[in-house]
Amino acid sequence: MSILSNVNTDAEDALTREEPGVHADDATWRAERRLTVAIGAALRADQGAETARTVLELIRSNRGSGPRRLVQRSLTTRKRQRRASSRWPWAAAALLLVSVGAGSWWALQPPVLAQAADGRALIAGDVVTTPGALRFHDGTQVTVGANTMLSLISAQDRRGVGAAKRLRLEVGTLTAVVTKQPVAAPLTITTPHGEVTVVGTEFTLSTETALSRLAVREGRVRFGNAVDTIDVGAGAAATLTLGLKPQLIVDAPPAPVPPTPVLPTPLMIWDLDAPQASASWTHGALTTVDGRRCIEGRAGYLHAQNASLVRWVTPVGKPWVPVLAATLHVEAFVPASVNQIHVQVHHRAGYNWGATIPVQGGRWQVCRVRLDQLTPYGDAPKRPLVVTDELDDLILLSDDASAGPSRFRDLRLDPP
Amino acid sequence: MEVAAATLGSAMTDIVSESVLLERARQGDELAFATLVDGSHAQVRGFLAARSPSLELAEECLQQAYVTAWQKLAEFRGEAPFAAWVKSMARLHLLSELRRRRRSVALENATGVAALVDACLADAEVDDDLLPRLRQCLDKLDPQARELLSQRYRDGLELNDLATAYTRSANALAVTLHRLRGILRRCLDGAPAGGAT
(Lines give C-alpha, C1' and ligand atoms only; values in the text may rest on other atoms or scores of the structure.)
Protein backbone atom coordinates (compact mmCIF):
# COMPACT_ATOMS: atom_id res chain seq x y z
CA MET A 1 0.00 0.00 0.00
CA SER A 2 1.33 3.40 -0.91
CA ILE A 3 2.08 5.91 1.80
CA LEU A 4 0.53 8.44 -0.53
CA SER A 5 -2.96 7.05 -0.55
CA ASN A 6 -5.99 8.78 0.91
CA VAL A 7 -5.02 12.17 -0.38
CA ASN A 8 -7.71 14.60 -1.33
CA THR A 9 -6.98 17.03 -4.10
CA ASP A 10 -8.79 20.09 -2.92
CA ALA A 11 -6.90 23.14 -4.15
CA GLU A 12 -7.67 25.23 -1.10
CA ASP A 13 -6.22 22.47 1.00
CA ALA A 14 -2.99 22.72 -0.92
CA LEU A 15 -2.75 26.44 -0.29
CA THR A 16 -2.73 25.77 3.40
CA ARG A 17 -0.18 23.01 3.00
CA GLU A 18 2.19 25.25 1.08
CA GLU A 19 2.03 27.99 3.66
CA PRO A 20 5.12 27.67 5.83
CA GLY A 21 4.39 27.14 9.47
CA VAL A 22 0.80 26.07 8.95
CA HIS A 23 0.16 22.50 9.97
CA ALA A 24 -2.90 20.34 10.05
CA ASP A 25 -2.96 17.26 12.15
CA ASP A 26 -4.45 14.94 9.57
CA ALA A 27 -3.48 12.19 7.18
CA THR A 28 -3.80 14.43 4.15
CA TRP A 29 -1.17 16.84 5.36
CA ARG A 30 1.16 14.00 6.31
CA ALA A 31 0.73 12.37 2.92
CA GLU A 32 1.34 15.68 1.13
CA ARG A 33 4.41 16.35 3.22
CA ARG A 34 5.83 12.89 2.58
CA LEU A 35 5.14 13.22 -1.13
CA THR A 36 7.17 16.44 -1.21
CA VAL A 37 10.03 14.65 0.57
CA ALA A 38 9.85 11.81 -1.92
CA ILE A 39 9.79 14.22 -4.87
CA GLY A 40 12.86 16.01 -3.53
CA ALA A 41 14.68 12.71 -3.01
CA ALA A 42 13.71 11.39 -6.44
CA LEU A 43 15.00 14.56 -8.03
CA ARG A 44 18.26 14.14 -6.17
CA ALA A 45 18.69 10.53 -7.17
CA ASP A 46 21.21 11.45 -9.86
CA GLN A 47 23.46 13.19 -7.37
CA GLY A 48 25.62 10.26 -6.43
CA ALA A 49 28.85 12.07 -7.22
CA GLU A 50 27.90 14.97 -5.05
CA THR A 51 26.78 12.70 -2.23
CA ALA A 52 30.10 10.89 -2.45
CA ARG A 53 32.01 14.14 -2.35
CA THR A 54 30.05 15.40 0.68
CA VAL A 55 30.65 12.12 2.48
CA LEU A 56 34.37 12.29 1.73
CA GLU A 57 34.49 15.84 3.04
CA LEU A 58 32.82 14.69 6.23
CA ILE A 59 35.15 11.74 6.60
CA ARG A 60 38.18 13.97 6.13
CA SER A 61 36.93 16.62 8.53
CA ASN A 62 35.95 14.09 11.19
CA ARG A 63 38.93 11.79 10.89
CA GLY A 64 39.63 10.33 14.29
CA SER A 65 36.74 12.06 16.01
CA GLY A 66 33.73 9.92 15.12
CA PRO A 67 30.81 10.99 12.98
CA ARG A 68 29.97 14.61 13.61
CA ARG A 69 28.67 17.04 11.07
CA LEU A 70 30.61 20.28 11.11
CA VAL A 71 29.44 22.17 8.10
CA GLN A 72 26.79 21.07 5.71
CA ARG A 73 26.58 22.42 2.21
CA SER A 74 23.01 23.51 1.71
CA LEU A 75 20.75 22.28 -1.05
CA THR A 76 21.24 25.53 -2.94
CA THR A 77 24.99 25.16 -2.83
CA ARG A 78 24.74 21.61 -3.99
CA LYS A 79 22.78 22.76 -6.96
CA ARG A 80 25.60 25.10 -7.96
CA GLN A 81 28.17 22.40 -7.53
CA ARG A 82 26.09 19.94 -9.49
CA ARG A 83 26.43 22.06 -12.61
CA ALA A 84 30.08 21.12 -12.74
CA SER A 85 29.60 17.44 -12.04
CA SER A 86 26.23 15.92 -12.74
CA ARG A 87 27.61 12.60 -14.00
CA TRP A 88 29.94 10.20 -12.32
CA PRO A 89 32.92 10.49 -14.75
CA TRP A 90 32.88 14.21 -14.18
CA ALA A 91 32.68 13.62 -10.45
CA ALA A 92 35.70 11.36 -10.72
CA ALA A 93 37.53 14.20 -12.42
CA ALA A 94 36.48 16.56 -9.66
CA LEU A 95 37.63 14.11 -7.03
CA LEU A 96 40.96 13.81 -8.80
CA LEU A 97 41.26 17.56 -8.63
CA VAL A 98 40.84 17.38 -4.88
CA SER A 99 43.71 15.00 -4.68
CA VAL A 100 45.99 16.48 -7.28
CA GLY A 101 45.84 20.21 -7.02
CA ALA A 102 44.22 22.43 -4.49
CA GLY A 103 44.56 25.39 -6.83
CA SER A 104 42.47 23.72 -9.50
CA TRP A 105 39.90 22.68 -6.93
CA TRP A 106 39.40 26.14 -5.51
CA ALA A 107 39.19 27.59 -9.00
CA LEU A 108 35.91 25.70 -9.32
CA GLN A 109 34.51 27.02 -6.07
CA PRO A 110 32.16 29.93 -5.43
CA PRO A 111 33.57 32.96 -3.57
CA VAL A 112 34.72 32.45 -0.01
CA LEU A 113 32.61 34.71 2.21
CA ALA A 114 33.85 33.85 5.69
CA GLN A 115 36.01 31.45 7.59
CA ALA A 116 34.95 28.99 10.27
CA ALA A 117 36.87 28.64 13.51
CA ASP A 118 38.45 25.42 12.26
CA GLY A 119 39.79 27.23 9.22
CA ARG A 120 37.18 26.03 6.77
CA ALA A 121 36.25 28.44 4.03
CA LEU A 122 32.54 29.19 4.04
CA ILE A 123 30.51 29.97 0.95
CA ALA A 124 26.94 31.12 0.42
CA GLY A 125 24.57 28.39 1.49
CA ASP A 126 26.78 26.79 4.13
CA VAL A 127 25.07 25.78 7.34
CA VAL A 128 26.99 25.82 10.59
CA THR A 129 25.51 23.34 13.01
CA THR A 130 28.02 22.88 15.80
CA PRO A 131 29.58 25.24 18.32
CA GLY A 132 32.22 27.42 16.75
CA ALA A 133 32.71 30.78 15.18
CA LEU A 134 32.80 32.33 11.78
CA ARG A 135 34.71 35.40 10.80
CA PHE A 136 34.03 37.66 7.85
CA HIS A 137 36.67 39.44 5.86
CA ASP A 138 35.92 42.79 7.54
CA GLY A 139 36.53 41.31 10.99
CA THR A 140 32.89 40.79 11.93
CA GLN A 141 32.75 37.71 14.13
CA VAL A 142 29.80 35.48 14.88
CA THR A 143 30.09 32.88 17.62
CA VAL A 144 27.66 29.98 17.35
CA GLY A 145 26.38 28.14 20.42
CA ALA A 146 25.47 24.50 20.89
CA ASN A 147 22.44 23.01 19.12
CA THR A 148 22.41 25.85 16.65
CA MET A 149 21.70 25.95 12.95
CA LEU A 150 23.00 29.06 11.24
CA SER A 151 22.96 29.55 7.46
CA LEU A 152 25.28 31.88 5.60
CA ILE A 153 23.15 33.39 2.85
CA SER A 154 25.32 36.18 1.48
CA ALA A 155 28.30 38.42 2.22
CA GLN A 156 31.00 40.22 0.34
CA ASP A 157 34.10 38.29 -0.62
CA ARG A 158 37.66 39.36 0.15
CA ARG A 159 37.61 41.87 -2.71
CA GLY A 160 34.44 43.50 -1.40
CA VAL A 161 32.31 42.01 -4.16
CA GLY A 162 28.89 40.65 -3.31
CA ALA A 163 25.75 41.41 -1.37
CA ALA A 164 25.42 42.60 2.22
CA LYS A 165 25.96 40.09 5.00
CA ARG A 166 22.87 38.01 5.50
CA LEU A 167 22.47 35.09 7.89
CA ARG A 168 19.55 32.94 8.94
CA LEU A 169 19.35 31.59 12.47
CA GLU A 170 16.99 28.63 12.31
CA VAL A 171 17.45 27.59 15.90
CA GLY A 172 19.96 28.10 18.70
CA THR A 173 22.11 30.98 19.84
CA LEU A 174 24.70 33.26 18.34
CA THR A 175 26.75 36.14 19.61
CA ALA A 176 27.98 38.71 17.13
CA VAL A 177 30.63 41.40 17.27
CA VAL A 178 29.88 43.41 14.17
CA THR A 179 32.38 45.73 12.56
CA LYS A 180 30.86 48.97 11.34
CA GLN A 181 28.78 48.12 8.27
CA PRO A 182 27.77 50.47 5.46
CA VAL A 183 24.44 52.10 6.32
CA ALA A 184 23.04 51.01 2.99
CA ALA A 185 24.17 47.43 3.49
CA PRO A 186 23.66 46.43 7.12
CA LEU A 187 24.15 42.93 8.43
CA THR A 188 20.82 41.15 8.57
CA ILE A 189 19.96 38.03 10.51
CA THR A 190 16.57 36.49 9.94
CA THR A 191 14.93 34.10 12.36
CA PRO A 192 11.64 32.23 11.99
CA HIS A 193 10.01 35.12 13.85
CA GLY A 194 11.53 38.21 12.32
CA GLU A 195 14.72 39.99 11.51
CA VAL A 196 17.65 41.74 13.15
CA THR A 197 19.36 44.57 11.30
CA VAL A 198 22.76 45.76 12.45
CA VAL A 199 25.10 48.49 11.35
CA GLY A 200 27.76 47.91 14.00
CA THR A 201 27.38 46.56 17.52
CA GLU A 202 27.66 43.60 19.89
CA PHE A 203 24.68 41.46 20.66
CA THR A 204 23.40 37.95 21.35
CA LEU A 205 20.49 36.48 19.44
CA SER A 206 18.76 33.22 20.24
CA THR A 207 15.86 31.49 18.57
CA GLU A 208 13.51 28.99 20.14
CA THR A 209 10.31 27.50 18.90
CA ALA A 210 8.02 30.26 20.01
CA LEU A 211 10.19 33.33 19.88
CA SER A 212 13.50 34.97 19.16
CA ARG A 213 15.36 36.79 21.90
CA LEU A 214 17.84 39.62 21.45
CA ALA A 215 20.24 41.10 24.01
CA VAL A 216 22.35 44.07 22.96
CA ARG A 217 25.63 44.83 24.68
CA GLU A 218 26.82 47.74 22.62
CA GLY A 219 25.38 49.97 19.96
CA ARG A 220 21.88 49.68 18.61
CA VAL A 221 20.07 46.91 16.78
CA ARG A 222 16.87 47.06 14.78
CA PHE A 223 14.61 44.17 15.67
CA GLY A 224 11.24 43.42 14.15
CA ASN A 225 8.98 41.75 11.66
CA ALA A 226 6.20 42.75 9.27
CA VAL A 227 4.06 43.93 12.16
CA ASP A 228 6.47 46.31 13.82
CA THR A 229 10.13 47.12 14.27
CA ILE A 230 11.90 48.55 17.30
CA ASP A 231 15.38 49.76 18.02
CA VAL A 232 17.03 47.92 20.89
CA GLY A 233 19.81 49.83 22.54
CA ALA A 234 22.86 48.83 24.56
CA GLY A 235 22.00 46.90 27.73
CA ALA A 236 18.45 46.20 26.59
CA ALA A 237 16.78 42.98 25.51
CA ALA A 238 13.69 42.18 23.49
CA THR A 239 11.69 39.23 22.27
CA LEU A 240 9.90 38.63 19.02
CA THR A 241 7.05 36.26 18.30
CA LEU A 242 5.70 35.46 14.87
CA GLY A 243 2.94 37.86 13.90
CA LEU A 244 3.23 40.02 17.02
CA LYS A 245 5.03 43.23 17.82
CA PRO A 246 8.52 42.92 19.30
CA GLN A 247 8.52 43.35 23.06
CA LEU A 248 11.20 45.03 25.11
CA ILE A 249 11.91 42.89 28.14
CA VAL A 250 10.85 44.91 31.13
CA ASP A 251 13.24 43.34 33.61
CA ALA A 252 16.24 43.72 31.35
CA PRO A 253 19.20 45.46 32.94
CA PRO A 254 18.86 49.22 32.87
CA ALA A 255 20.14 50.48 29.59
CA PRO A 256 20.26 53.74 27.74
CA VAL A 257 17.24 52.84 25.67
CA PRO A 258 15.89 55.96 24.03
CA PRO A 259 12.26 56.78 24.68
CA THR A 260 9.83 55.43 22.17
CA PRO A 261 9.56 58.05 19.49
CA VAL A 262 6.36 60.01 19.63
CA LEU A 263 4.67 59.61 16.30
CA PRO A 264 3.27 62.77 14.84
CA THR A 265 -0.43 62.91 14.14
CA PRO A 266 -1.17 62.53 11.36
CA LEU A 267 1.76 60.63 9.89
CA MET A 268 0.91 61.91 6.49
CA ILE A 269 -1.73 64.07 4.97
CA TRP A 270 -3.13 64.25 1.51
CA ASP A 271 -2.12 67.62 0.22
CA LEU A 272 -4.49 68.42 -2.62
CA ASP A 273 -3.84 71.18 -5.03
CA ALA A 274 -7.49 72.05 -5.07
CA PRO A 275 -9.28 70.16 -2.32
CA GLN A 276 -12.72 71.45 -3.13
CA ALA A 277 -12.46 70.98 -6.85
CA SER A 278 -15.22 69.01 -8.45
CA ALA A 279 -13.05 67.98 -11.36
CA SER A 280 -12.65 64.29 -11.94
CA TRP A 281 -9.01 64.32 -11.01
CA THR A 282 -7.08 66.35 -8.57
CA HIS A 283 -3.36 66.19 -8.25
CA GLY A 284 -1.69 66.15 -4.89
CA ALA A 285 0.69 64.37 -2.62
CA LEU A 286 0.83 62.66 0.73
CA THR A 287 3.39 64.42 2.82
CA THR A 288 4.68 63.83 6.30
CA VAL A 289 3.87 66.49 8.82
CA ASP A 290 7.42 67.73 8.67
CA GLY A 291 6.95 68.46 5.02
CA ARG A 292 8.65 65.51 3.39
CA ARG A 293 6.77 64.34 0.37
CA CYS A 294 6.32 60.59 0.63
CA ILE A 295 3.63 59.50 -1.72
CA GLU A 296 2.52 61.48 -4.64
CA GLY A 297 0.12 60.97 -7.45
CA ARG A 298 -3.48 61.69 -8.09
CA ALA A 299 -6.69 61.53 -6.16
CA GLY A 300 -10.12 62.40 -7.31
CA TYR A 301 -13.63 61.34 -7.94
CA LEU A 302 -14.21 58.67 -10.49
CA HIS A 303 -17.91 59.28 -10.92
CA ALA A 304 -18.38 56.61 -13.51
CA GLN A 305 -17.06 53.92 -11.24
CA ASN A 306 -18.06 55.78 -8.18
CA ALA A 307 -14.59 55.32 -6.79
CA SER A 308 -11.80 57.51 -5.63
CA LEU A 309 -8.37 56.27 -6.46
CA VAL A 310 -5.01 57.24 -5.02
CA ARG A 311 -1.87 56.06 -6.73
CA TRP A 312 0.93 55.29 -4.32
CA VAL A 313 3.86 56.47 -6.34
CA THR A 314 7.21 56.74 -4.63
CA PRO A 315 8.84 59.98 -5.70
CA VAL A 316 11.98 59.24 -7.64
CA GLY A 317 15.10 60.30 -5.78
CA LYS A 318 13.20 61.25 -2.64
CA PRO A 319 13.31 59.36 0.61
CA TRP A 320 10.55 56.85 1.05
CA VAL A 321 9.07 56.61 4.48
CA PRO A 322 7.62 53.14 5.03
CA VAL A 323 4.38 53.14 6.95
CA LEU A 324 3.93 50.34 9.43
CA ALA A 325 0.52 49.75 10.91
CA ALA A 326 -0.89 53.14 10.00
CA THR A 327 -4.52 54.08 10.25
CA LEU A 328 -6.20 55.38 7.14
CA HIS A 329 -8.37 58.38 7.88
CA VAL A 330 -10.79 59.67 5.28
CA GLU A 331 -14.00 61.63 5.27
CA ALA A 332 -16.71 60.28 3.02
CA PHE A 333 -19.97 61.57 1.67
CA VAL A 334 -22.04 58.84 0.04
CA PRO A 335 -25.59 58.88 -1.32
CA ALA A 336 -28.42 58.27 1.12
CA SER A 337 -29.06 54.75 -0.12
CA VAL A 338 -25.48 53.63 0.41
CA ASN A 339 -24.56 52.08 3.75
CA GLN A 340 -21.00 50.96 3.30
CA ILE A 341 -17.83 51.85 1.47
CA HIS A 342 -14.93 49.66 0.44
CA VAL A 343 -11.25 50.32 0.87
CA GLN A 344 -8.88 48.37 -1.32
CA VAL A 345 -5.10 48.53 -1.53
CA HIS A 346 -3.51 47.06 -4.60
CA HIS A 347 -0.04 45.49 -4.67
CA ARG A 348 2.12 45.67 -7.77
CA ALA A 349 2.31 41.90 -7.84
CA GLY A 350 -1.40 41.86 -8.62
CA TYR A 351 -3.18 41.16 -5.38
CA ASN A 352 -5.29 43.19 -3.00
CA TRP A 353 -6.10 43.80 0.61
CA GLY A 354 -9.39 45.37 1.55
CA ALA A 355 -12.08 46.14 4.10
CA THR A 356 -15.66 47.27 4.26
CA ILE A 357 -16.57 50.25 6.43
CA PRO A 358 -20.19 50.90 7.43
CA VAL A 359 -21.36 54.46 6.76
CA GLN A 360 -24.50 56.54 6.91
CA GLY A 361 -25.51 58.02 3.59
CA GLY A 362 -26.34 61.65 3.01
CA ARG A 363 -23.76 63.30 5.27
CA TRP A 364 -20.04 63.77 5.67
CA GLN A 365 -18.50 61.36 8.14
CA VAL A 366 -15.10 60.18 9.27
CA CYS A 367 -14.05 56.67 8.31
CA ARG A 368 -11.00 55.05 9.84
CA VAL A 369 -9.39 51.68 9.18
CA ARG A 370 -6.02 50.25 10.18
CA LEU A 371 -4.13 49.28 7.07
CA ASP A 372 -2.46 46.31 8.75
CA GLN A 373 -5.90 44.93 9.56
CA LEU A 374 -7.17 44.89 6.00
CA THR A 375 -8.18 41.46 4.76
CA PRO A 376 -6.01 39.79 2.10
CA TYR A 377 -8.14 39.01 -0.93
CA GLY A 378 -7.68 36.02 -3.21
CA ASP A 379 -4.01 35.42 -3.91
CA ALA A 380 -2.75 38.07 -1.48
CA PRO A 381 -0.27 36.77 1.12
CA LYS A 382 -1.92 35.88 4.41
CA ARG A 383 -0.04 38.50 6.38
CA PRO A 384 -0.71 42.01 7.54
CA LEU A 385 -0.35 44.70 4.93
CA VAL A 386 2.63 47.00 5.30
CA VAL A 387 2.63 50.18 3.28
CA THR A 388 5.76 50.09 1.19
CA ASP A 389 6.64 51.35 -2.24
CA GLU A 390 5.41 48.03 -3.62
CA LEU A 391 1.84 49.24 -3.33
CA ASP A 392 0.15 50.74 -6.33
CA ASP A 393 -3.29 52.05 -5.57
CA LEU A 394 -5.57 52.89 -2.75
CA ILE A 395 -9.15 52.67 -3.94
CA LEU A 396 -12.16 53.97 -2.08
CA LEU A 397 -15.57 53.13 -3.45
CA SER A 398 -19.15 52.85 -2.34
CA ASP A 399 -21.04 49.64 -2.77
CA ASP A 400 -23.71 51.05 -5.07
CA ALA A 401 -22.42 52.78 -8.17
CA SER A 402 -25.93 53.45 -9.43
CA ALA A 403 -26.82 55.51 -6.37
CA GLY A 404 -24.79 58.48 -7.49
CA PRO A 405 -21.32 59.84 -6.87
CA SER A 406 -19.51 59.48 -3.59
CA ARG A 407 -16.96 62.00 -2.37
CA PHE A 408 -13.92 61.57 -0.24
CA ARG A 409 -11.78 64.21 1.41
CA ASP A 410 -9.20 64.73 4.13
CA LEU A 411 -7.40 61.56 3.30
CA ARG A 412 -4.48 60.98 5.63
CA LEU A 413 -2.50 58.30 7.42
CA ASP A 414 -2.45 58.46 11.21
CA PRO A 415 -0.40 56.46 13.68
CA PRO A 416 -2.23 53.27 14.67
CA MET B 1 47.30 9.19 -3.95
CA GLU B 2 47.65 10.40 -7.52
CA VAL B 3 48.48 6.90 -8.69
CA ALA B 4 45.56 5.38 -6.83
CA ALA B 5 43.23 8.01 -8.14
CA ALA B 6 44.38 7.57 -11.72
CA THR B 7 44.04 3.80 -11.46
CA LEU B 8 40.55 4.09 -10.07
CA GLY B 9 39.68 6.74 -12.62
CA SER B 10 40.13 4.24 -15.42
CA ALA B 11 38.51 1.48 -13.43
CA MET B 12 35.43 3.54 -12.81
CA THR B 13 34.62 3.62 -16.46
CA ASP B 14 34.36 -0.16 -16.32
CA ILE B 15 32.26 -2.27 -14.06
CA VAL B 16 34.18 -2.71 -10.84
CA SER B 17 32.89 -5.37 -8.54
CA GLU B 18 31.68 -4.35 -5.13
CA SER B 19 34.05 -6.69 -3.39
CA VAL B 20 37.09 -5.15 -5.09
CA LEU B 21 35.94 -1.68 -4.17
CA LEU B 22 35.25 -2.78 -0.62
CA GLU B 23 38.71 -4.22 -0.31
CA ARG B 24 40.29 -1.02 -1.59
CA ALA B 25 38.11 1.07 0.69
CA ARG B 26 39.14 -1.02 3.69
CA GLN B 27 42.73 -0.18 2.84
CA GLY B 28 41.84 3.50 3.09
CA ASP B 29 41.11 4.25 -0.56
CA GLU B 30 38.61 7.10 -0.36
CA LEU B 31 37.86 7.09 -4.06
CA ALA B 32 36.89 3.43 -3.94
CA PHE B 33 34.54 4.30 -1.12
CA ALA B 34 33.18 7.21 -3.17
CA THR B 35 32.37 4.74 -5.94
CA LEU B 36 30.52 2.57 -3.45
CA VAL B 37 28.58 5.61 -2.28
CA ASP B 38 27.69 6.49 -5.84
CA GLY B 39 26.48 2.99 -6.53
CA SER B 40 24.32 2.67 -3.44
CA HIS B 41 23.10 6.15 -2.55
CA ALA B 42 19.87 5.96 -4.58
CA GLN B 43 18.66 2.93 -2.64
CA VAL B 44 19.64 4.38 0.71
CA ARG B 45 18.21 7.77 -0.15
CA GLY B 46 14.94 6.19 -1.27
CA PHE B 47 14.78 4.14 1.92
CA LEU B 48 15.27 7.26 4.04
CA ALA B 49 13.02 9.53 2.02
CA ALA B 50 10.12 7.12 2.39
CA ARG B 51 10.47 7.28 6.17
CA SER B 52 11.58 10.84 6.89
CA PRO B 53 9.37 13.83 7.64
CA SER B 54 11.75 16.08 5.71
CA LEU B 55 14.29 15.89 2.92
CA GLU B 56 16.84 17.62 5.13
CA LEU B 57 16.57 14.88 7.74
CA ALA B 58 16.85 12.19 5.07
CA GLU B 59 19.98 13.85 3.67
CA GLU B 60 21.51 14.25 7.11
CA CYS B 61 20.93 10.59 7.96
CA LEU B 62 22.28 9.59 4.55
CA GLN B 63 25.54 11.41 5.25
CA GLN B 64 25.76 10.04 8.78
CA ALA B 65 25.13 6.51 7.57
CA TYR B 66 27.98 6.65 5.07
CA VAL B 67 30.36 8.20 7.59
CA THR B 68 29.51 5.36 10.00
CA ALA B 69 29.93 2.87 7.18
CA TRP B 70 33.42 4.22 6.49
CA GLN B 71 34.33 3.95 10.15
CA LYS B 72 33.01 0.37 10.40
CA LEU B 73 34.15 -0.93 7.06
CA ALA B 74 36.48 -3.40 8.75
CA GLU B 75 33.46 -5.04 10.39
CA PHE B 76 31.60 -5.50 7.12
CA ARG B 77 32.26 -8.93 5.66
CA GLY B 78 30.35 -8.42 2.44
CA GLU B 79 27.76 -11.13 3.16
CA ALA B 80 24.95 -8.73 2.25
CA PRO B 81 24.97 -6.06 -0.45
CA PHE B 82 26.76 -2.87 0.60
CA ALA B 83 23.55 -0.83 0.11
CA ALA B 84 21.61 -3.09 2.48
CA TRP B 85 24.32 -2.74 5.11
CA VAL B 86 24.32 1.05 4.83
CA LYS B 87 20.51 1.04 4.97
CA SER B 88 20.64 -0.71 8.32
CA MET B 89 22.86 2.07 9.66
CA ALA B 90 20.72 4.73 8.03
CA ARG B 91 17.69 3.27 9.77
CA LEU B 92 19.39 3.52 13.16
CA HIS B 93 20.42 7.12 12.54
CA LEU B 94 16.91 7.98 11.39
CA LEU B 95 15.26 6.35 14.40
CA SER B 96 17.61 8.15 16.73
CA GLU B 97 16.91 11.50 15.07
CA LEU B 98 13.15 10.91 14.97
CA ARG B 99 13.07 10.07 18.66
CA ARG B 100 15.07 13.18 19.44
CA ARG B 101 12.80 15.32 17.29
CA ARG B 102 9.70 13.70 18.71
CA ARG B 103 10.71 14.93 22.14
CA SER B 104 11.42 18.30 20.62
CA VAL B 105 8.12 18.69 18.75
CA ALA B 106 6.21 17.44 21.77
CA LEU B 107 7.69 20.34 23.70
CA GLU B 108 6.75 22.66 20.87
CA ASN B 109 3.19 21.33 20.79
CA ALA B 110 3.41 21.18 17.00
CA THR B 111 0.81 18.45 16.71
CA GLY B 112 0.95 18.12 12.95
CA VAL B 113 4.69 17.55 12.99
CA ALA B 114 4.46 15.27 16.01
CA ALA B 115 1.92 13.10 14.22
CA LEU B 116 4.14 13.01 11.16
CA VAL B 117 7.13 11.92 13.22
CA ASP B 118 4.97 9.29 14.91
CA ALA B 119 3.93 8.00 11.51
CA CYS B 120 7.57 7.85 10.46
CA LEU B 121 8.50 6.02 13.64
CA ALA B 122 5.69 3.51 13.10
CA ASP B 123 7.46 2.71 9.86
CA ALA B 124 4.62 0.57 8.57
CA GLU B 125 3.36 0.19 5.03
CA VAL B 126 6.27 2.06 3.55
CA ASP B 127 6.67 1.71 -0.17
CA ASP B 128 10.37 1.03 -0.81
CA ASP B 129 9.70 1.00 -4.52
CA LEU B 130 8.36 4.53 -4.42
CA LEU B 131 11.41 6.43 -5.62
CA PRO B 132 12.06 4.54 -8.86
CA ARG B 133 8.38 4.82 -9.76
CA LEU B 134 8.32 8.49 -8.82
CA ARG B 135 11.33 9.14 -11.03
CA GLN B 136 9.53 7.55 -13.96
CA CYS B 137 6.53 9.79 -13.31
CA LEU B 138 8.76 12.88 -13.02
CA ASP B 139 10.36 12.03 -16.36
CA LYS B 140 6.94 12.29 -17.98
CA LEU B 141 6.39 15.87 -16.83
CA ASP B 142 7.15 18.95 -18.90
CA PRO B 143 10.71 20.24 -18.29
CA GLN B 144 9.28 23.48 -16.95
CA ALA B 145 7.10 21.68 -14.43
CA ARG B 146 9.97 19.43 -13.43
CA GLU B 147 12.20 22.45 -12.92
CA LEU B 148 9.63 24.08 -10.65
CA LEU B 149 9.34 20.91 -8.58
CA SER B 150 13.12 20.68 -8.40
CA GLN B 151 13.49 24.23 -7.20
CA ARG B 152 10.83 23.81 -4.56
CA TYR B 153 11.37 20.29 -3.26
CA ARG B 154 14.93 19.39 -4.21
CA ASP B 155 16.63 22.74 -3.72
CA GLY B 156 14.28 23.88 -0.96
CA LEU B 157 13.66 27.35 -2.37
CA GLU B 158 11.04 29.37 -0.55
CA LEU B 159 7.67 29.84 -2.19
CA ASN B 160 8.01 33.61 -2.03
CA ASP B 161 11.42 33.53 -3.73
CA LEU B 162 10.03 31.35 -6.48
CA ALA B 163 7.07 33.67 -6.85
CA THR B 164 9.45 36.56 -7.39
CA ALA B 165 11.49 34.59 -9.91
CA TYR B 166 8.41 33.51 -11.84
CA THR B 167 6.66 36.89 -11.42
CA ARG B 168 3.61 35.14 -10.05
CA SER B 169 1.93 35.27 -6.71
CA ALA B 170 3.00 32.77 -4.08
CA ASN B 171 -0.51 31.39 -3.86
CA ALA B 172 -0.72 30.88 -7.60
CA LEU B 173 2.52 28.90 -7.46
CA ALA B 174 1.18 26.92 -4.51
CA VAL B 175 -1.80 25.91 -6.61
CA THR B 176 0.50 24.91 -9.50
CA LEU B 177 2.61 22.80 -7.15
CA HIS B 178 -0.51 21.20 -5.75
CA ARG B 179 -1.68 20.29 -9.25
CA LEU B 180 1.72 18.84 -10.09
CA ARG B 181 1.64 16.73 -6.94
CA GLY B 182 -1.81 15.56 -7.97
CA ILE B 183 -0.47 14.52 -11.38
CA LEU B 184 2.35 12.61 -9.72
CA ARG B 185 -0.03 10.92 -7.32
CA ARG B 186 -2.25 9.79 -10.15
CA CYS B 187 0.80 8.53 -12.02
CA LEU B 188 1.93 6.59 -8.97
CA ASP B 189 -1.52 5.09 -8.72
CA GLY B 190 -1.24 3.87 -12.28
CA ALA B 191 -2.78 6.66 -14.34
CA PRO B 192 -0.57 8.27 -17.00
CA ALA B 193 1.25 11.50 -16.06
CA GLY B 194 0.38 14.31 -18.37
CA GLY B 195 2.27 17.50 -18.97
CA ALA B 196 1.50 20.45 -16.81
CA THR B 197 2.78 23.82 -15.88
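Values below: every heavy atom of this structure, side chains too, minus hydrogens, waters and symmetry copies. For clarity, every value in this text was computed on a predicted model and none was experimentally measured. Here is the naming used below: chain letters follow the sequence lines, and residue numbers restart at 1 for every chain.
Only the side chain of L138(B) has a heavy atom closer than 4.5 Å to any heavy atom of chain A. At a 4.5 Å heavy-atom cutoff, L36(B) makes no contact with chain A through either its backbone or its side chain.
One finds the CZ atom of R152(B) at 8.0 Å from the OG1 atom of T36(A) (value rounded to the nearest 0.5 Å). Atoms CD1 and CZ, from I39(A) and R146(B) in turn, are 11.5 Å apart once rounded to the nearest 0.5 Å.
Taking every heavy atom of both residues into account, L56(A) and A34(B) meet most closely at CD1-CB, 3.9 Å.
In this structure the side chain of Y153(B) never reaches within 4.5 angstrom of the side chain of L35(A), judged on heavy atoms.
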